[in-house]
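Down below is the structure, laid out as structure tokens.
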Protein chains: 2
Amino acid sequence: MTTNKADTLAIRISRVLAERIISGALEPGARLRQDHVAAEFGASHVPVREAFQRLEAQGLAISEPRRGVRVAAFDLREVREVAEMRAALEALALRHAAPHLTRAILDQAEEATRAGEKSPDVRAWEEVNRRFHRLILTPCAMPRLLASIDDLHAASARFLFSAWRAEWEAPTEHDHHAILAALRGGQTEAAVTILARHVQWIGRRPVTTASGATREAFAIVG
Amino acid sequence: MTTNKADTLAIRISRVLAERIISGALEPGARLRQDHVAAEFGASHVPVREAFQRLEAQGLAISEPRRGVRVAAFDLREVREVAEMRAALEALALRHAAPHLTRAILDQAEEATRAGEKSPDVRAWEEVNRRFHRLILTPCAMPRLLASIDDLHAASARFLFSAWRAEWEAPTEHDHHAILAALRGGQTEAAVTILARHVQWIGRRPVTTASGATREAFAIVG
DNA sequence: CAGATGAAAATTATCTATAATTTATGACGG
DNA sequence: CCGTCATAAATTATAGATAATTTTCATCTG
């Protein structure tokens with residue numbers, strides 16, 4: 001998420017806004033007003049509009065023509081939808097990536113998994129978790145597929161952060177280890193099956209909200 | 001594809017350009033120059049830029065920052081990628097749609113299939129084919145999934161039109177009939193299996209190119 | 001003389017500033 | 001209390017200015 005000088009202003013703005021939406025700093029349904037954002041970044045509103053469009057393409061915002069753009073709401077249904085799409089697409093990607101996975105890649109993935117088990121907060125965990133998935137999927141060499149998966153990951157992360165706002169304990173990555181073991185043993189379909197189930201896994205977990213009340217929350221753990 | 005007056009100018013421009021890219025009027029790799037397009041539409045270049053961004057989100061164009069935007073190239077690899085993504089996502093959609101399919105919907109789908117078998121050209125066929133798929137998938141009520149599938153259909157259509165530029169004979173829709181029969185019989189998984197195979201089916205077919213030479217072409221028939 | 005190098009010109013994308021529509025808001029009159 | 005009109009705010013579009021890139025062409029080197 002480094003601000004590359006080569007990137008266009010619109011891209012940089014969209015990255016910052018995406019960051020805020022995913023982290024929850026911008027709440028679902030919040031209006032995104034181009035003039036305000038433009039003023040904040042010391043820019044004009046044209047690049048801001050373009051940034052908004054990018055967010056919309058990622059599914060992080062929705063725009064109603066002539067009525068402005070708002071941070072996309074996400075209910076449980078949306079979360080499940082994203083999880084199922086991820087399961088379907090990541091399974092496909094893994095099938096194609098498997099033949100090209102080297103020992104070195106699997107070792108890196110193993111390392112990422114261990115890092116995940118030691119993550120101090122959700123934020124850090126999400127990062128290494130994404131790295132794990134990217135490592136084992138990228139060799140499929142299907143750019144469009146990988147881009148779609150990335151967008152879905154962002155949507156997942158958004159939910160993840162909203163669920164574990166305060167308390168956090170690093171999980172033990174049973175599934176990640178099992179996936180890597182299967183891949184090492186050349187059992188691609190077994191790995192695919194675990195991955196699909198893993199991504200779709202929606203665990204119930206009691207979580208304390210910002211207001212202090214305890215409620216039931218759902219979370220993707222993958 | 002009616003030009004809705006309520007839509008923003010950028011949206012209307014993007015629709016026209018998408019049409020041209022899909023139909024092949026704009027060839028892969030062709031540069032899209034904002035000033036030229038703006039002049040053609042009698043508009044300024046800002047809405048044109050936004051239109052370009054929409055095309056990029058759909059995968060119909062690619063933009064390199066400060067270097068302009070080009071019509072996305074598509075080779076056989078890309079076609080296969082799109083086909084496999086469609087297979088994975090349409091299978092998912094059908095699984096969720098199946099419980100909500102009514103007899104009325106299936107009858108409409110049957111009608112679309114028959115219309116497909118009588119289509120005079122690729123263009124007409126593509127339209128009813130899309131209608132068939134939309135009819136049986138929409139009841140899944142997963143907006144994000146359906147939007148992704150729509151984009152993939154556009155990419156498929158693009159290839160379809162490039163393959164059958166001249167000659168065309170309406171195919172007999174074995175698969176469509178089989179899918180509907182399975183759905184009528186409540187055999188959802190059977191329908192899903194056929195659909196996934198159907199979408200991925202890539203048939204070889206000799207096709208005469210614009211230059212007159214005969215070459216081998218591949219086509220998605222679904 | 002062929003090819004490479006580098007600077008100037010033209011082209012193109014990007015951004016800012018300003019104007020024109022459209023939508024939302026609140027007051028007034030029926 | 002409801003509908004209409006005026007005002008305010010925000011989005012959408014235009015035109016002009018800036019910055020980057022590509023092209024051209026002349027010059028230098030081998």
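So that the names make sense, note that chain A is the first sequence line, chain B the second, and so on, each numbered from 1.
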Please report the distance, rounded to the nearest Å, between [atom1] in [X] and [atom2] in [N].
X	N	atom1	atom2	result
B:Gln34	D:dA19	CD	C1'	13 Å
A:Ile11	C:dA13	CD1	C1'	12 Å
B:His36	C:dA10	NE2	C1'	12 Å
A:Phe41	C:dT14	CZ	P	19 Å
A:Leu9	D:dA20	CG	C1'	15 Å
A:Gln53	D:dT11	CD	P	14 Å

Sugar-phosphate, base or nothing in reach of A:Leu32, heavy atoms under 4.0 Å: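 Sugar-phosphate, backbone atoms only, no base.
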Most 5' of B:Val46 and B:Arg31 on DNA chain C, judged by nearest nucleotide: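 Its nearest nucleotide being more 5', the pick is B:Arg31.
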Closest nucleotide among D:dA20, D:dT14, C:dT23 to the B:Pro47 side chain: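 Nucleotide nearest to B:Pro47's side chain: D:dT14.
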Among C:dA17, D:dT14, D:dT12, the nucleotide that comes nearest once only the side chain of B:Ser44 is considered: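 Closest nucleotide among those given: D:dT14.
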Ring geometry between B:His176 and B:Phe132 (parallel below 30°, tilted from 30 to 60°, perpendicular above 60°):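 Rings of B:Phe132 and B:His176: parallel, under 30°.
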A:Glu40, CD: over 12 other non-hydrogen atoms inside 6.0 angstrom: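 Yes.
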[X] side chain near [N] phosphate (N/O to OP1/OP2, under 4.0 Å):
X	N	value
A:Arg66	D:dT12	no
B:Arg49	C:dT14	yes
B:Thr8	D:dA13	yes
A:Arg67	C:dA24	yes

Test item: side-chain donor near acceptor, B:Arg86 and B:Ser156, under 3.5 Å: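 Looking only at side-chain atoms, B:Ser156 and B:Arg86 do form a donor-acceptor pair, the distance falling under 3.5 Å.
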Residue list, side-chain contact (heavy atoms from CB on, under 4.5 Å) with B:Ala93, at least two apart or on another chain: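 side-chain contact (heavy atoms from CB on, under 4.5 Å) list for B:Ala93, sorted by chain: B:Leu137, B:Cys140, B:Leu145, B:Ile149.
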side-chain contact (heavy atoms from CB on, under 4.5 Å) partners for B:Ala141, two or more places apart: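 Scan of B:Ala141 (side-chain contact (heavy atoms from CB on, under 4.5 Å), adjacent residues dropped) gives none.
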Donor-acceptor pair (no angle test) under 3.5 Å: B:His45 side chain, C:dC15 base: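 Such a pair is found, so the answer is yes.
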